[in-house]
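Since the model is a prediction, treat every value here as computed from it, not as a measurement. Order of appearance sets the numbers: ligands from 1, and atoms from 1 within every ligand.
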Amino acid sequence: MKKALVTGITGQDGSYLAEHLLAQGYQVFGMVRRASTENFERIAAIQDRITLEQADLLDQPSLIDIMGRIQPDEIYNLAAMSFVPTSWSQPVLTGEFTALGVTRMLEAYRHACPKARFYQASSSEMYGKVREVPQTETTPFYPRSPYGVAKVYGHYLTVNYRESYNLFAVSGILFNHESPRRGKEFVTRKISDGVARIKLGLATELRMGNTDACRDWGFAGDYVRAMWMMLQQTQPDDYVIGTGIAHSVKEFIEIAFDHAGLDWKKHVVHDPRFMRPAEVDHLLADNSKARRVLGWQPEISFETLARMMVDADIARLRHATRV
Ligand code: NDP
Ligand code: GDR
């Protein structure tokens, strides 16, 4: 039985990846940081089938200790401070988690279990103010937030450790991916949750920032398959993962409100508080390498994703409030 260690297992991607690995017959270990209250909502359904280990990206000995004890075959480094606006208000902490955290993970890996395979969660935010359209594995980076800058560091460090120490370390450059398990501050989930609240009479308006921004949005369940596929190749390499289709925030709003039988113009209010100091205007993936080499392709469309998220939030709030 293969062993996988997943950091960030309590997050959106960690929970879907753990389910995928269990279905592939893996023994799954999840790294969690200590908190005064448990934060296991997303992994509740699988908690009795996985092993949770306490460690922290800020604490080098804890990382060496868990990798030394578990001796994983595969390591998925998904843990990070992942919300872009917070990276301006907490730039140093973002650097510690999202940049230096990768160094600590790679150091623990090369000393404690160098025969393992390592996945780093890189991001389309590295392209930022895009240098070419669509973006490929060779498009130059131009990050637009402390988060994006930190991810560039993590990306190049992963490449550098692969080349310096001959490790099987890969970097997945994933474009935005969403699901009913997405954190509520990210734009898609903010919209689906807002639509559900308005539909059930719990709210009347939804306050939004820049609705002209465009992203290449996919479904998280499809994207964790790509992470796993990257570690099953004979050679370590980096891959862009996205759908190849971009939509605006406004389009997501229209589909989500329409699906609930609501007119978005009556409820959506512009709020400058949600504008960013430097914006990423338009991201679009060229996924041809992933399709060709990995045989990966997305299954869930943008429209299906938006409707799935609205349905899930309406069902959740109906249950919670018995409306
Ligand atoms: P989430 O924000 O949902 O999850 C982040 C995870 O990291 C949580 O489990 C969190 O734990 C954990 N974490 C944060 N800080 C630490 C720390 N110091 N020590 C240990 N664990 C920590 O993110 P996603 O699941 O959406 O994303 C997964 C990864 O992929 C992230 O690295 C993100 O930057 C990257 N990414 C995401 C994309 C997306 O569209 N979702 C696209 C491209 C990249 P806790 O529950 O305790 O807070
Ligand atoms: P992003 O995701 O910054 O792309 O990073 P987010 O959903 O936060 O924003 C997408 C776009 O929507 C615009 N926007 C708003 N965003 C939020 N959160 N709230 C609003 O009210 C709002 N109004 C408009 C934003 O300005 C932006 O242009 C996500 C994260 O998961 C990262 O960790 C990951 O690396 C990238 O995706 C790929």
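Among residues at least two apart or in separate chains, side chain to side chain donor-acceptor pair (under 3.5 Å) pairs with a member in residues 306-316 are R189-D313, S192-D313, D193-R316, H259-D311, D313-R316. Applying the ring-ring contact (aromatic ring centres under 6.0 Å, His included) rule to pairs touching residues 273-294 yields nothing, sequence neighbours excluded.
Environment of CG in D271: crowded, with over 12 heavy atoms of neighbouring residues, nucleotides or ligands closer than 6.0 Å.
With distances taken over non-hydrogen atoms, the option nearest atom 38 (C) of ligand 1 out of H177, R42, R34 is H177. With Y223, W217, Y147 as candidates, the residue nearest to atom 36 (N) of ligand 1 on a non-hydrogen basis is Y147. Selection from A80, A79, G183, G242 by nearest heavy atom to atom 14 (C) of ligand 1 gives A80.
Under 4.0 Å from ligand 1, the heavy atoms of S122 that appear belong solely to its backbone. When non-hydrogen atoms are compared, ligand 1 lies under 4.0 Å from the backbone of L57 as well as from its side chain. Proximity of K151 to ligand 1, defined as any heavy-atom pair under 4.0 Å, is confined to the side chain (atoms from C-beta onward). Counting heavy atoms under 4.0 Å from ligand 1, residue F83 does not touch it at all.
Atoms of ligand 1 lying under 4.0 Å from any heavy atom of S123, numbered from 1 in the order shown and given with element: 43 (C), 44 (C). Atoms of ligand 1 lying under 4.0 Å from any heavy atom of N176, numbered from 1 in the order shown and given with element: 40 (O). Residue M31 approaches ligand 1 through these ligand atoms, each under 4.0 Å from one of its heavy atoms: 20 (C).
Among protein heavy atoms, the minimum distance from atom 11 (O) of ligand 1 is reached at T10 OG1, 3.3 Å. At the top of the distance list for atom 29 (C) of ligand 1, counting protein heavy atoms only, stands L78 O, 3.1 Å.
The ring pair (Phe, Tyr, Trp, His ring centres under 6.0 Å) check on Y153 picks up nothing, with sequence neighbours excluded.
Taking the ring axis of Y16 as reference, the NZ or CZ atom of R181 stays within 45° of it and closer than 6.0 Å to the ring centre. For the pair R110 and Y165, the cation-pi test (distance below 6.0 Å, angle within 45°) is passed.
Remark: distances from the non-hydrogen atoms of T7 to ligand 1 are all 4.0 Å or more.
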Measure and list all N/O to N/O distances between ligand 2 and the protein that fall under 3.5 angstrom.
| residue | atom | partner | partner atom | Å |
| --- | --- | --- | --- | --- |
| ligand 2 | 3 (O) | R276 | NH1 | 2.6 |
| ligand 2 | 4 (O) | N176 | ND2 | 2.8 |
| ligand 2 | 4 (O) | R215 | NE | 2.9 |
| ligand 2 | 7 (O) | V187 | N | 2.8 |
| ligand 2 | 8 (O) | R276 | NH2 | 2.8 |
| ligand 2 | 9 (O) | R276 | NH2 | 3.3 |
| ligand 2 | 16 (N) | R276 | NH2 | 3.4 |
| ligand 2 | 18 (N) | E185 | O | 3.0 |
| ligand 2 | 21 (O) | K190 | NZ | 2.7 |
| ligand 2 | 23 (N) | G209 | N | 2.9 |
| ligand 2 | 26 (O) | R276 | NE | 3.4 |
| ligand 2 | 26 (O) | E279 | OE2 | 2.6 |
| ligand 2 | 28 (O) | R215 | NH2 | 2.9 |
| ligand 2 | 28 (O) | E279 | OE1 | 3.0 |
| ligand 2 | 28 (O) | E279 | OE2 | 3.0 |
| ligand 2 | 31 (O) | R182 | NH1 | 3.1 |
| ligand 2 | 31 (O) | R182 | NH2 | 2.9 |
| ligand 2 | 33 (O) | S82 | O | 2.6 |
| ligand 2 | 33 (O) | Y147 | OH | 2.8 |
| ligand 2 | 35 (O) | S123 | OG | 2.6 |
| ligand 2 | 35 (O) | Y147 | OH | 2.5 |
| ligand 2 | 37 (O) | N176 | ND2 | 3.1 |

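The six-membered or imidazole ring of F186 lies near that of F83, with a centre-to-centre distance under 6.0 Å.
Note on ring orientation: taking the six-membered ring where Trp is involved, the planes of Y223 and W296 are perpendicular (angle over 60°, cut-offs 30° and 60°).
Any N or O atom pair closer than 3.5 Å counts here, and Q12 shares at least one such pair with ligand 1.
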